[in-house]
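Please read the structure below before turning to the comments.
None of the values given here were measured: they were computed from a predicted structure. Letters A, B, ... mirror the listed sequences (proteins, then strands); counts begin at 1.
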Amino acid sequence: MIKCCPNNIDSKKSINMTVRTRFAPSPTGFLHIGGARTALFSWAFAKKHKGDFILRIEDTDVARSTPEAVQAILDGMHWLGLDYNEGPFYQMQRMDRYKEVIQKMLDEGSAYYCYCSKEELEALRETQMQQGVKPRYDGRWRPEEGKVLPAPPQDVPAVIRFKNPKDGDVVWNDLVKGEISIANQELDDLIIARADGTPTYNFCVVVDDWEMGITQVIRGDDHVNNTPRQINMLKALGATIPQYAHLSMILGDDGQKLSKRHGAVSVMQYDDEGYLPEAVLNYLARLGWSHGDEEVFGMQQFCEWFDLDHITPSAAQFNTEKLRWLNAHYIKQASSDYLVNDVTKRLAKLGVQVTVTPNLAAVIDLYKERAHTLNELANSVVYFYQKPLVDQAAAEKHLTAEIKPAMQKLTDVLVSVEWQAEAIHHALNDVVTEFQLKFPKVAMPLRVMLTGIAQSPSIDQVMVLLGRDEVMARIKDAKF
RNA sequence: GUCCCCAUCGUCUAGAGGCCUAGGACACCUCCCUUUCACGGAGGCGACCGGGGUUCGAAUCCCCGUGGGGACGCCA
């Protein structure tokens with residue numbers, strides 16, 4: 001009952017307002033899985049509502065932002081196919097505008113200079129921690145009616161703080177988590193401009209979300225605590241408050257938080273490991289969002305189905321096994337051309353040069369149902385282009401003296417047999433019958449000799465692709 | 001410490017007070033298919049954190065615990 005109406009975008013705002021969402025990463029590292037999902041959801045929401053998706057690079061932390069990271073984020077977005085209608089905008093290029101707004105706030109009295117030194121603030125924090133209260137600025141430079149401020153010290157450069165309301169609560173209806181209410185008393189007067197004059201994150205976000213006309217802010221859970229501050233600033237500026245949707249975090253396979261030290265990887269690493277973007281996207285879409293029992297769907301379908309009402313508010317644990325399963329599915333579905341190109345590259349990385357025969361497309365057709373990743377696929381077909389390394393245990397088990405006569409006979413037959421699967425199969429069967437063996441008694445040694453291991457697709461099919469000469473050569477070379 | 005958030009099979013989830021003897025998917029197990037391994041098919045195992053309320057009726061609403069997470073920067 002409570003949840004049904006407020007979250008319904010259609011009925012509320014979008015009648016005469018275009019949806020505008022944004023993804024606003026800070027370029028301090030690669031695009032990781034959590035960021036990718038945030039981007040995906042923002043993107044899908046915009047697509048669903050025929051709105052705009054904007055990319056904004058939040059690079060105001062000059063010390064930690066790098067051009068490489070910007071590029072890594074762009075690459076990740078591109079690999080996933082998350083295209084944007086506007087941007088990338090760079091906050092560092094909007095400095096003039098931020099400064100104008102700060103001046104306006106100063107003039108209007110919603111911001112003020114504070115001359116506390118970092119040391120002073122540090123000491124304050126420590127005392128408060130010891131007293132068991134939430135550490136926050138005590139407002140000592142906050143202008144108040146009837147309050148006499150001390151004379152500004154000469155040696156401390158001023159920062160600018162936002163004059164946050166002292167009373168009341170900030171309440172918003174989070175599109176994922178429902179109503180969230182935070183008392184203004186919990187909030188302090190945050191710094192909006194550093195001593196060097198550069199604006200800070202929370203302030204830039206406010207100005208940008210406002211001026212870029214963002215209607216729904218879809219972002220990570222870790223920003224919940226920033227939201228009331230941002231809403232207060234938005235109000236002070238007379239801006240329209242966007243709707244907020246806070247996505248819970250993604251935990252690693254082990255249930256632990258992903259961090260640079262632990263488990264967080266670039267989405268591009270999934271490319272390296274042989275995952276298709278379709279699989280990663282589909283997996284991410286289902287992580288924290290659902291549409292009934294639907295598990296496998298493409299992005300077009302996703303964009304039609306996507307909404308914010310079916311996002312889980314709780315954290316989700318990443319499950320590589322399920323990603324692998326989806327990936328296997330998309331490999332089976334992938335076009336032959338695509339796979340040939342991709343696998344050729346992966347084989348090249350393994351130092352394997354693909355030749356005209358055996359035909360790689362045919363080889364892939366034989367193997368693509370068995371692979372969970374493109375790397376597995378590439379690895380599994382190496383022996384078509386290179387002599388296999390024979391697995392010792394398999395050789396000992398299957399290349400026994402007792403099957404030697406049968407193998408000898410087989411080579412005689414193979415010289416003249418018609419080189420196609422059915423005929424080869426018959427030839428194998430004949431030998432099996434003649435020597436009174438079971439089929440595997442012949443097939444298994446052949447597998448080991450031809451592929452190096454005891455598992456392969458139907459052995460006659462393998463032989464067809466390998467070619468008569470190569471088959472004969474490998475049987476001849478086999479040691480047993 | 002303070003504030004905020006979260007809680008259904010091992011994992012991702014369905015679930016909007018009766019359709020729930022709690023559904024689906026991954027994983028796992030069994031069987032079938034079979035030329036080995038896969039693929040595929042058919043079954044199986046397996047959960048509402050605990051306690052109180054509200055109600056004729058609670059996985060669902062409320063409260064309290066407990067557990068987990070996040071935030072408390074001149075980082076974003």
> Could you give the CE-to-C1' distance, from A:Met92 to B:A76, as a whole number of Å?
Replying inline: 14 Å

>> Using a heavy-atom cut-off of 4.0 Å across all strands, would you classify A:Lys118 as base, sugar-phosphate, or nothing?
In response: base

> How about A:Tyr275 and A:Tyr330: are their ring centres within less than 6.0 Å of each other?
Replying inline: no

> If you look at every strand shown and take non-hydrogen atoms under 4.0 Å, does A:His246 touch a base, only sugar-phosphate, or nothing?
Replying inline: nothing

>> Given B:A76, B:C4, B:C6, identify the nucleotide with an atom nearest to the side chain of A:Val224.
In response: B:C4

>> As a quick check of understanding, evaluate side chain to side chain contact (heavy atoms under 4.5 Å, CB included) for A:Gln455 and A:Arg447, giving each step before the final call.
In response: CA-CA 7 Å; A:Gln455 300 82 36; A:Arg447 284 200 168 85; 5.8 Å; no

> Hey, does A:Cys114 reach any base, or is it just sugar-phosphate, or nothing, if we go heavy atoms under 4.0 Å?
Replying inline: nothing

>> Using OP1 and OP2 only, check whether a side-chain N or O of A:Ser458 sits under 4.0 Å from B:U35.
In response: no

> Under 3.5 Å, is there an N or O donor on one side and an acceptor on the other linking the side chain of A:His398 and the base of B:U36?
Replying inline: no

>> Side chain of A:Ser290 only, heavy atoms from C-beta on: which candidate in B:A14, B:G70, B:C39 is closest?
In response: B:A14

> Distance between the C1' atoms of B:G15 and B:A25, in whole angstroms?
Replying inline: 16 Å

> Can you find a side chain N or O atom of A:Arg136 that sits less than 4.0 Å from OP1 or OP2 on B:U2?
Replying inline: no

> Using 4.0 Å as the upper bound for N to carboxylate O, is an ion pair formed by A:Lys441 and A:Glu402?
Replying inline: yes

>> Distance check, C1' atoms only: B:G41 and B:G50, in whole angstrom units.
In response: 42 Å

> Just checking A:Ala454: base, sugar-phosphate only, or nothing, at a heavy-atom cut-off of under 4.0 Å?
Replying inline: base

>> Taking the ring of A:Phe162 and the ring of A:Phe203, is the distance between their centroids below 6.0 Å?
In response: no

> If you pin A:Trp289 and A:Phe439 to their nearest nucleotides in RNA chain B, which one's is more 5'?
Replying inline: A:Trp289

> In whole Å, what is the span from the CG atom of A:Asn319 to the P atom of B:C26?
Replying inline: 11 Å

> Which listed nucleotide (B:A7, B:A27, B:C12) is nearest to the side chain of A:Glu321?
Replying inline: B:A27

> Does B:C49 have a Watson-Crick or wobble mate here (both distances under 3.5 Å), and if so which one?
Replying inline: B:G65

>> Can you tell me which nucleotide in B:U36, B:C6, B:A25 comes closest to the side chain of A:Gln455?
In response: B:U36

>> Closest approach to the side chain of A:Glu186, judged atom by atom: which nucleotide of B:C12, B:G69, B:U2 is it?
In response: B:U2

> Any ion pair linking A:Arg22 and A:Asp209 (charged N to carboxylate O, less than 4.0 Å)?
Replying inline: yes

> Between A:Trp289 and A:Phe306, is the gap from one ring center to the other below 6.0 Å?
Replying inline: yes

>> Using atom P in both nucleotides, what's the gap between B:U21 and B:A59 to the nearest angstrom?
In response: 9 Å

> For atom P, what is the distance between B:G17 and B:C75, given to the nearest Å?
Replying inline: 48 Å

> Given atom CD of A:Gln128 and atom P of B:U2, what is their separation to the nearest angstrom?
Replying inline: 14 Å

>> Looking at B:G70, I'd like to know if its phosphate oxygens (OP1 or OP2) sit under 4.0 Å from a side-chain N or O belonging to A:Lys257.
In response: yes

> Who is the Watson-Crick or G-U wobble partner of B:U34, with both distances under 3.5 Å?
Replying inline: none

>> Without decimals, in angstroms, what is the distance between A:Lys368 NZ and B:C39 P?
In response: 16 Å

> Taking atom P of B:G10 as reference, at what distance in whole Å does atom CG of A:Asp254 sit?
Replying inline: 17 Å

> Got a donor-acceptor pair under 3.5 Å from the side chain of A:Asp293 to the base of B:G23?
Replying inline: yes

> Which nucleotide, in any strand shown, forms a Watson-Crick or G-U wobble pair with B:A16, with both distances under 3.5 Å?
Replying inline: none

>> Regarding A:Asn226, tell me which of base, sugar-phosphate or nothing describes its non-hydrogen contacts under 4.0 Å with the strands shown.
In response: base

>> Please determine whether the number of non-hydrogen atoms from other residues, nucleotides or ligands lying under 6.0 Å from atom CD of A:Gln301 exceeds 12.
In response: yes

>> From C-beta outward on A:Pro440, which listed nucleotide comes closest to its side chain: B:U2, B:A71, B:U36?
In response: B:U36

>> When both hydrogen-bonding distances must be under 3.5 Å and the geometry is Watson-Crick or G-U wobble, what is B:G1 paired with, if anything?
In response: B:C72

> Is the phosphate of B:A76, meaning OP1 or OP2, less than 4.0 Å from a side-chain N or O of A:Arg194?
Replying inline: yes

> Is a donor-acceptor pair below 3.5 Å formed from side chain A:Arg447 to base B:U35, judging by atom type as modelled?
Replying inline: yes

> Which whole number of Å gives the distance between the C1' atom of B:A58 and that of B:U11?
Replying inline: 26 Å

> For atom P, what is the distance between B:G73 and B:U54, given to the nearest Å?
Replying inline: 44 Å

> Using a cut-off of less than 4.0 Å, is there contact between a side-chain N or O of A:Ser65 and OP1 or OP2 of B:A76?
Replying inline: no

> With sugar-phosphate meaning primed atoms plus P, OP1 and OP2, does A:Pro457 contact a base, only sugar-phosphate, or nothing at under 4.0 Å between heavy atoms?
Replying inline: base

>> Please determine whether a side-chain nitrogen or oxygen atom of A:Lys332 lies at a distance below 4.0 Å from atom OP1 or OP2 of B:G40.
In response: yes

>> By nearest atom, which of the nucleotides B:C3, B:C6, B:U13 is closest to the A:Pro313 side chain?
In response: B:C6

> Which nucleotide, in any strand shown, forms a Watson-Crick or G-U wobble pair with B:C9, with both distances under 3.5 Å?
Replying inline: none

> Nearest-Å distance, NE2 (A:His291) to C1' (B:G15)?
Replying inline: 15 Å

> Out of B:U13, B:C39, B:G1, which has the shortest distance to the side chain of A:Pro135?
Replying inline: B:G1

>> Using whole Å, what does the distance between atom C1' of nucleotide B:C75 and atom CZ of A:Arg229 come to?
In response: 13 Å

> What interatomic distance, in whole Å, is found between C1' of B:C39 and the corresponding atom of B:U34?
Replying inline: 11 Å

> A:Ser248 side chain N/O closer than 4.0 Å to the phosphate oxygens (OP1, OP2) of B:C6?
Replying inline: no

> What about A:Ser456: does its side chain form a donor-acceptor pair under 3.5 Å with the base of B:U36?
Replying inline: no

